[in-house]
Amino acid sequence: MPELPEVETTRLGLSPHVQGQTIRTAVVRNPRLRWPVPKHLAQLVAGRRIERLERRSKYLLLDCGGGWLILHLGMSGSLRVVPADQPPGAHDHLDIVLESGQALRLHDPRRFGAVLWQRGEPTRNKLLRDIAPEPFDPRFDGHWLFQHTRGRRAAIKNLLMDQRLVCGVGNIYANESLFRAGIHPATAAGRIGEQRYARLVDAIRTTLTEAIRAGGSTLRDFVNADGKPGYFQQQYFVYGRAGEPCRLCASAVRMVRIGQRSAFYCPRCQR
DNA sequence: CGCCAGGCCTGCACGC
DNA sequence: TGCGTGCAGGCCTGGC
């Protein structure tokens with residue numbers, strides 16, 4: 001799920017049900033996520049009002065006034081709003097119970113997700129400190145990427161997934177963005193010029209924007225439904241399409257391993 | 001059974 | 001000795 005578009009879609013879907021709500025309590029059924037869920041989470045959050053639901057990179061941030069609840073969905077996490085008395089299913093590790101009688105429920109089979117409490121500003125948290133500007137921040141531009149990749153021999157696809165360089169992009173959208181920019185995923189980042197980086201930035205923004213738009217149609221699924229979290233099925237250009245024809249030139253899409261992750265690309269459109 | 005999966009921190013080896 | 005860099009490992013469960 002959770003690259004930036006999925007997290008943003010989650011934020012948009014949950015926001016009306018969560019914002020302005022006072023937290024009644026927190027129920028931790030399984031604290032064993034990527035890091036242990038804070039021991040006394042209920043005491044930390046009970047009685048606090050959720051002022052706003054924000055997002056930074058792939059992190060969801062709940063402004064609780066004086067402290068922030070930081071959520072990360074890892075590989076398999078999802079959040080939904082359910083009636084607080086709805087029986088939890090397997091892997092429903094945490095509920096944030098609201099005064100409305102609903103609960104924000106975290107589901108995460110692989111438990112790579114995280115729930116953290118941060119007093120004061122969330123940017124004080126070590127995990128958020130070194131993250132690159134948001135993709136739509138004007139500071140994130142071709143020059144930013146050009147500057148930070150000089151002398152670097154790593155494949156551009158790996159650096160696209162480095163949150164200190166590009167934030168919010170994971171394996172799927174790294175592949176998709178590189179396709180849109182016409183850049184081969186194995187290209188050494190240091191050998192790409194500023195013009196091509198400007199094009200890559202455009203490609204990243206387009207890719208993320210379209211994914212968020214695709215997710216918008218599934219927002220209702222974040223509330224009360226008992227099925228899948230409602231992450232949308234998008235039409236990808238290359239991701240997961242090894243052997244299938246490129247949507248632009250009909251060449252067979254290829255898959256290779258780069259940095260222990262699957263890379264998909266069109267050998268004709270991407271150089 | 002083995003392999004794969006949308007993330008990301010940590011620790012190691014290396015070169016300057 | 002200290003970076004920055006590039007890798008590999010590890011955390012988990014579920015599906016094919």
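We name chains A, B, ... by the order of the sequence lines, and we start the count at 1 in each one.
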Below 4.0 angstrom from OP1 or OP2 of [N], is there any side-chain N or O of [X]?
X	N	result
A:Y173	B:dG6	no
A:R32	C:dC12	yes
A:S76	B:dG7	no
A:R257	B:dA5	yes

Take the angle between the ring planes of A:F179 and A:F237 and call it parallel below 30°, perpendicular above 60°, tilted in between.
->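 Correct class here is parallel.
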Closest to the [X] side chain: [options]?
X	options	result
A:K126	C:dC12, C:dG6, B:dT10	B:dT10
A:R110	B:dG6, C:dC12, C:dA8	C:dC12
A:H91	B:dC8, C:dT13, B:dA5	C:dT13

Which residues satisfy the ring pair (Phe, Tyr, Trp, His ring centres under 6.0 Å) test with A:H107, sequence neighbours excluded?
->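 Here no residue qualifies.
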In which stems does DNA chain C show up, taking only runs of three or more Watson-Crick or G-U wobble pairs whose two distances fall under 3.5 Å?
->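 Stem list for DNA chain C: B:2-5 with C:13-16, B:7-16 with C:2-11.
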For A:R180, the option from A:D202, A:T206, A:V238 that meets side chain to side chain contact (heavy atoms under 4.5 Å, CB included) |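 Exactly one candidate clears the test, A:T206.
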A:R29 CZ: over 12 foreign heavy atoms closer than 6.0 Å |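 Yes, because the 6.0 Å sphere around CZ of A:R29 holds more than 12 heavy atoms from other groups.
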For A:R241, enumerate each residue passing the side-chain hydrogen bond (donor to acceptor under 3.5 Å, both in side chains) test, keeping only those at least two apart in sequence or located in another chain.
->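 Partners of A:R241 under the side-chain hydrogen bond (donor to acceptor under 3.5 Å, both in side chains) test: A:E244.
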Going by 5.5 Å between centroids and 30° between planes, is there a stack of A:F112 over C:dC12?
->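 Check failed, A:F112 does not stack on base of C:dC12.
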Would you classify [X] as touching base, sugar-phosphate or nothing, given that sugar-phosphate means primed atoms plus P, OP1 and OP2, and contacts are heavy atoms under 4.0 Å?
X	result
A:Q163	sugar-phosphate
A:R164	nothing
A:R152	sugar-phosphate

Contact check, side chains of A:L61 and A:Q118, non-hydrogen atoms, under 4.5 Å |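 Not in contact.
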